[in-house]
Amino acid sequence: MNTSVERKGTGLFANGLIWFGAGVSIAEILTGTYFAPLGMAKGFAAIVVGHIIGCILLFLAGYIGAARKKSAMETVKMSFGEQGGKFFSLCNVIQLVGWTAIMIYDGALSVNGIVNTGAWVWCLVIGGLIILWIMIGITNLGKINTVAMAALFILTLILCKLIFFGENAAVGISDDSMSFGAAVELAVAMPLSWLPLISDYTREAEKPFAATLTSAVTYGIISSWMYLIGMGAAIFTGEYDIAVIMVKAGLGIAGLLIIVFSTVTTTFLDAYSAGVSAESISSKISGKTFGVGVAVVGTIAAILFPMDDITNFLYLIGSIFAPMIAIQIADNFILKLDNSDKSADIINFVIWLAGFALYRVLMGVDTPVGNTLPDMLATIVLCVIVAAFRKKNK
């Protein structure tokens, strides 16, 4: 049975389910609370604009791998060469270990606010479930994921109703503590963080284009919804702590289940993809074993270290991976180049460094569309200009 599933590839429903699980995330709800100072109308607009930008990029990144049946980090080698690809694989493994720890930390802290047994206990519970998900494997998660997603969908609908239509709902007052452009960038940040992962799942798709589109659209809608829940909770209840929001909403055990399973279904993707990226560094590494190791390290880190503010982490991810994927988009969709046979493409690496530096500079500039989009457009234009110059010299 399993061999048949792997040979046929994953269907649209399976891909949509994976990215539904990625979108239902406590980290996204918590990030959504940062939008409260904008007020509901401007905050919602920033969430939508940011997710449209981010998910277009997510689609393009996912389709590169889907069309070529390659993992995310294997597609990077098409632009940066074998050794260049390994550099970004290492960066990706590091960010995924970080994400795993952050997600377990956030989930455990939130659950402990509902059932106080000590956050470290919940770190162990969540970490153990993530390891179970990895051991079951991506192609065998169909039924268990369907049940988990159905439960999460119902519970988040209840949470949404209690926040937006509860008796204590009140209109929040906006202020100028966050600009619209900064909010857009914060909305772009989440889909951007999935760019180095999405091909790990779309490469298995039976219908590459349709599956990638389904994945990006599903994630965009669900992620925006999670942001909206977080923003609405902060505006209407005056609370920024998701555990307090759950308790005030009277969810209790249902709230606990939302937090635990949303954390597991999202963080499983991080740990699993860390294993896939590690395989692209060395063929001797077992992806599943490495993924389990990442879950263990993430659990230990979540127990030992505080991880309350992740905004700088999100911006660091953006500065590394936005120019990387911009070069991939230029090479694959515009220039039709493939550098897989090279050890390293130094010129593309220099372009990436320019894009990285530009991103850090743009962080201090307030634009209506954030800094990811301008940075990526500038990097793509630079790629095209350099390619034309190289062709002319040849």
Side-chain angles (χ1 to χ4, degrees), residues 10 14-25 27-28 51 54-79 85-103 130 133-134 137-139 141 145 188-205 208 211-220 222-223 263-281 287-288 290-291 294-295 298 310 313-314 316-318 320-322 324-325 328-329 372:
T10 53
N15 279 274
L17 206 58
I18 289 169
W19 291 96
F20 180 97
V24 179
S25 162
E28 311 219 6
H51 276 83
C55 289
I56 288 173
L57 301 176
L58 190 67
F59 168 78
L60 293 173
Y63 187 59
I64 293 171
R68 292 161 181 80
K69 303 297 182 185
K70 290 186 176 183
S71 70
M73 290 298 108
E74 287 298 316
T75 65
V76 173
K77 293 178 182 179
M78 294 168 62
S79 289
K86 288 182 179 181
F87 167 77
F88 287 106
S89 293
L90 181 60
C91 290
N92 194 35
V93 168
I94 292 170
Q95 75 120 347
L96 291 172
V97 172
W99 265 122
T100 301
I102 288 168
M103 294 297 292
I130 292 167
W133 249 246
I134 294 170
I138 194 72
T139 55
L141 274 172
N145 246 9
V188 174
M190 280 297 181
L192 192 68
S193 71
W194 292 108
L195 292 186
L197 283 71
I198 183 170
S199 290
D200 296 345
Y201 307 97
T202 56
R203 65 173 175 164
E204 306 285 353
T212 307
L213 185 62
T214 298
S215 300
V217 171
T218 300
Y219 176 77
I222 300 304
S223 177
T263 303
V264 171
T265 56
T266 304
T267 314
F268 150 74
L269 299 178
D270 294 321
Y272 177 85
S273 280
V276 175
S277 292
E279 286 179 331
S280 70
I281 296 174
K288 181 174 283 191
F290 193 91
V294 168
I310 65 169
F313 179 70
L314 289 174
L316 178 62
I317 291 170
I320 292 173
F321 293 110
M324 180 200 80
I325 196 64
Q328 286 186 261
I329 289 170
T372 293

If you define the side chain from C-beta out and look only at heavy atoms, does anything of Met324 sit under 4.5 Å from Ser79? no

ring-ring contact (aromatic ring centres under 6.0 Å, His included) filter on Phe290, not counting sequence neighbours, yields none

Taking the side chain as C-beta and beyond, is there a heavy-atom pair between Asn92 and Phe321 under 4.5 Å? yes

About how many Å separate OG1 of Thr212 and CH2 of Trp19, when rounded to the nearest 0.5 Å? 10.5 Å

Partner set under ring-ring contact (aromatic ring centres under 6.0 Å, His included) for Phe88, not counting sequence neighbours: Phe80, Trp352

Spacing of OG1 belonging to Thr372 relative to CD1 belonging to Ile317, to within rounding of 0.5 Å: 11.0 Å

Does Asn15 have any side-chain hydrogen bond (donor to acceptor under 3.5 Å, both in side chains) partners at least two apart in sequence or in another chain, and if so, which? Thr10

List the residues meeting side chain to side chain contact (heavy atoms under 4.5 Å, CB included) with Lys70, not counting sequence neighbours, and say none if there are none. Arg68, Glu74, Thr75, Met78, Ser340

Quick one: sort the Tyr63 and Phe59 rings into parallel, tilted or perpendicular, breaks at 30° and 60°. parallel

Any side-chain donor-acceptor pair under 3.5 Å between Glu28 and Ser223? yes

Rounded to the nearest 0.5 Å, the CG atom of Asp270 sits from the CD atom of Gln95 at a distance of 7.5 Å

CG on Leu60 to CD1 on Ile325, rounded to 0.5 Å: 8.0 Å

Thr202 side chain to Gly62 backbone, donor-acceptor under 3.5 Å: yes

Does the side chain of Ile222 reach to within under 4.5 Å of the side chain of Val24, using non-hydrogen atoms? yes

From Phe268 atom CZ to Ile130 atom CD1, the distance as rounded to the nearest 0.5 Å: 10.0 Å

Which atom of Ala295 lies closest to which atom of Thr100, heavy atoms considered: CA-CG2, 4.1 Å

Mind checking side-chain hydrogen bond (donor to acceptor under 3.5 Å, both in side chains) for Ser215 and listing every partner two or more places apart, or none if nothing turns up? none

Is the backbone of Lys77 close enough, under 3.5 Å, to the side chain of Lys86 for a donor and an acceptor to pair up by distance? no

Rounded to the nearest 0.5 Å, what separation is found between the OG atom of Ser89 and the CG atom of Leu96? 10.5 Å

Between Ser71 and Val276 the two heavy atoms that sit nearest each other are CB-CG1, 3.6 Å

How close do His51 and Gly220 get, counting heavy atoms only, and between which atoms? CD2-O, 3.9 Å

N/O donor-acceptor pairs under 3.5 Å from side chains in residues 189-200, not counting sequence neighbours:
from	atom 1	to	atom 2	distance (Å)
Ser193	OG	Met190	O	2.6
Trp194	NE1	Tyr219	OH	3.2
Ser199	OG	Ala61	O	3.0
Ser199	OG	Gly65	N	3.4
Asp200	OD1	Ala72	N	2.9
Asp200	OD2	Ser273	OG	2.8

Looking at every heavy atom in both Lys288 and Ile134, which two are closest together, and how far apart are they? CE-O, 3.5 Å

For this output row, return yes or no: ring centroids of Phe313 and Trp99 closer than 6.0 angstrom. yes

